[in-house]
Amino acid sequence: MNVTYDFSDKVALVTGASKGMGASAARAFAKAGAAVVVSDVDEDSLAAIAKELEADGARVLSVVCDVADDAAVGEMIDRTVQTFGTLDYAYNNAGVPPVPAEMADQTPEEFERVTGINQRGVWSCMRHELRVMREKGSGAIVNCSSVGGLVGGKALGIYYGTKHGVLGLTKSAAMDYAAQGIRVNAVCPGTIQTPMVQKMLDEQPEAMDEFMQMQAIGRLGQPEEIAQAVMWLCSDGASFVTGAALAVDGAFTAN
């Protein structure tokens with residue numbers, strides 16, 4: 001059961017918005033009445049979600065942006081303000097999985113690729129989002145970490161390292177801006193039915209079996225369930241919540 005929010009006259013940004021959890025969050029923000037900036041590197045899929053939201057009556061700005069490129073992120077935030085006048089909420093969701101490998105077999109190139117998007121990309125997004133929010137004295141940011149930000153995992157050290165890093169950035173930014181009316185939190189999704197997880201199910205069935213055994217709820221989470229957590233963290237209902245790492249994981253981390 002989804003809770004209804006009223007974000008009329010607000011502006012929300014979602015990165016990694018073309019599919020999965022990002023697309024679900026974009027839909028949720030639009031349904032709540034917010035103007036929505038959707039961003040991704042997948043131009044065709046991004047155009048499709050923008051067209052869908054516009055067809056439902058939402059005000060939408062679509063921006064193709066690689067979050068690993070700090071200048072491109074800055075331009076995206078500038079376009080957001082130029083188009084809608086401000087920025088109230090941001091869900092920094094863009095991320096990529098690594099090529100699974102034991103630590104000794106991982107490469108510097110793979111480390112740079114995954115870290116550049118998953119961790120540095122979140123830092124760049126926050127850096128530019130916060131300069132707008134700081135000027136207006138309000139705002140809420142939600143970063144997408146993972147249960148991998150709370151635990152370790154075999155053959156996924158690069159990915160888990162970035163997701164731990166996201167939590168460090170989140171907590172530090174929350175402390176920097178709590179007195180300035182800006183809240184910064186993170187969601188830590190468990191195993192969610194997304195294209196990325198489907199790829200892992202297809203390519204690493206044994207690893208996914210292990211994940212599912214630890215997810216006590218006994219099913220995959222749905223992208224809409226993460227979107228609802230993001231919406232709550234942005235809402236006035238979470239007005240005293242900042243610096244939190246909210247596990248939305250079917251009791252995975254309760255083990």
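- For Ser235, the side chain to side chain contact (heavy atoms under 4.5 Å, CB included) partners at least two apart in sequence or on another chain are Tyr5, Phe7, Trp232.
- Here Arg79 contributes atom CZ and Phe84 contributes atom CZ; the two are 10.0 Å apart, rounded to the nearest 0.5 Å.
- In terms of hydrophobic clustering, with Ile, Leu, Val, Met, Phe, Trp and Tyr side chains grouped at heavy-atom distances under 4.5 Å, Val132 and Val67 are assigned to a common cluster.
- In the hydrophobic clustering of ILVMFWY residues, with side-chain heavy atoms under 4.5 Å counting as a link, Val230 and Val38 come out together.
- Among residues at least two apart or in separate chains, side-chain hydrogen bond (donor to acceptor under 3.5 Å, both in side chains) pairs with a member in residues 89-101 are Tyr91-Asn93, Asn92-Glu129, Asn92-Asn143.
- A distance of 12.0 Å separates CG in Leu61 from CG in Leu53, rounded to the nearest 0.5 Å.
- Nearest heavy-atom pair across Ala173 and Leu130 is CB-CD1, 4.4 Å.
- Of the possible donor and acceptor atoms, none in the side chain of Asp88 sits under 3.5 Å from a partner among the backbone N and O of Ala12.
- Of the possible donor and acceptor atoms, one in the side chain of Arg183 sits under 3.5 Å from a partner among the backbone N and O of Leu233.
- Looking only at side-chain heavy atoms (C-beta outward), Thr15 and Met76 come within less than 4.5 Å of each other.
- In this structure, Ile217 is not a member of the same hydrophobic cluster as Ile192, with clusters built from ILVMFWY side-chain heavy atoms closer than 4.5 Å.
- Atom CE in Met133 sits 12.5 Å away from atom CD in Gln180 (nearest 0.5 Å).
- Remark: side-chain polar atoms of Asp249 are not paired, donor with acceptor, to backbone N or O of Gln215 under 3.5 angstrom.
- Within the 4.5 Å cutoff, no side-chain heavy atoms of Thr170 are placed close to those of Val122.
- Smallest separation of non-hydrogen atoms from Pro223 and Thr194: CG-CG2, 4.3 Å.
- Pairing each heavy atom of Asn118 with each of Gly95, the nearest pair is OD1-CA, 3.1 Å.
- Remark: side-chain polar atoms of Glu110 are not paired, donor with acceptor, to backbone N or O of Thr107 under 3.5 angstrom.
- Pairing each heavy atom of Asp40 with each of Ala17, the nearest pair is OD2-N, 3.3 Å.
- Cluster annotation: Met175 is not connected to Met126 through the hydrophobic network of ILVMFWY side chains, with a link wherever side-chain heavy atoms come within less than 4.5 Å.
- A donor-acceptor pair under 3.5 Å links the side-chain atoms of Arg120 to the main chain of Ala68, judged by distance alone.
- Atoms NZ and CG, from Lys171 and Asp176 in turn, are 14.5 Å apart once rounded to the nearest 0.5 Å.
- The distance from atom OG1 of Thr80 to atom CG of Leu13, rounded to the nearest 0.5 Å, is 5.5 Å.
- In this structure, the side chain to side chain contact (heavy atoms under 4.5 Å, CB included) partners of Ala101, at least two apart in sequence or on a different chain, are Asp105, Gln106.
- Contact check on Glu224 versus Arg27 returns no salt bridge, with no Lys/Arg side-chain nitrogen under 4.0 Å from an Asp/Glu carboxylate oxygen.
- Remark: side-chain polar atoms of Asn185 are not paired, donor with acceptor, to backbone N or O of Val142 under 3.5 angstrom.
- Checking side-chain atoms of Ser172 against main-chain N and O of Leu169 turns up no donor-acceptor pair under 3.5 Å.
- A donor-acceptor pair is defined here as one N or O able to donate and one able to accept, closer than 3.5 Å; such a pair exists between the side chain of Ser39 and the backbone of Val63.
- Nearest approach of Ser124 to Val73, heavy atoms of both residues: O-CG1, 3.7 Å.
- Across all non-hydrogen atoms, the minimal contact from His164 to Val151 is CE1-O, 3.1 Å.
- Counting non-hydrogen atoms of neighbouring residues, nucleotides and ligands closer than 6.0 angstrom, the CG atom of Asp56 exceeds 12 such neighbours.
- Interatomic distance, CG of Leu167 versus SG of Cys188, reported as 4.5 Å (0.5 Å rounding).
- In terms of the side chain to side chain contact (heavy atoms under 4.5 Å, CB included) criterion, residue partners of Lys19 (sequence neighbours excluded) are, by chain and number, Asp42, Ser45, Pro195.
- A donor-acceptor pair is defined here as one N or O able to donate and one able to accept, closer than 3.5 Å; such a pair exists between the side chain of Thr242 and the backbone of Val184.
- One hydrophobic cluster, built from ILVMFWY side chains closer than 4.5 Å, holds both Leu87 and Tyr177.
- For the pair Ser145 (side chain) and Val166 (backbone), a donor-acceptor distance under 3.5 Å is absent.
- Counting heavy atoms from C-beta outward, Val248 and Pro189 have side chains that stay 4.5 Å or more apart.
- Residue pairs meeting the salt bridge (charged side-chain N to carboxylate O under 4.0 Å, His left out) criterion with at least one partner in residues 69-78, sequence neighbours excluded, are Asp70-Arg127, Asp78-Arg131.
- Remark: Lys51 pairs with no residue by the side chain to side chain contact (heavy atoms under 4.5 Å, CB included) rule, at least two apart or across chains.
- The neighbour count for Glu54 CD, taken as heavy atoms of other residues, nucleotides or ligands under 6.0 Å away, is above 12.
- Within a 6.0 Å radius of CD in Glu135, no more than 12 heavy atoms belonging to other residues, nucleotides or ligands are found.
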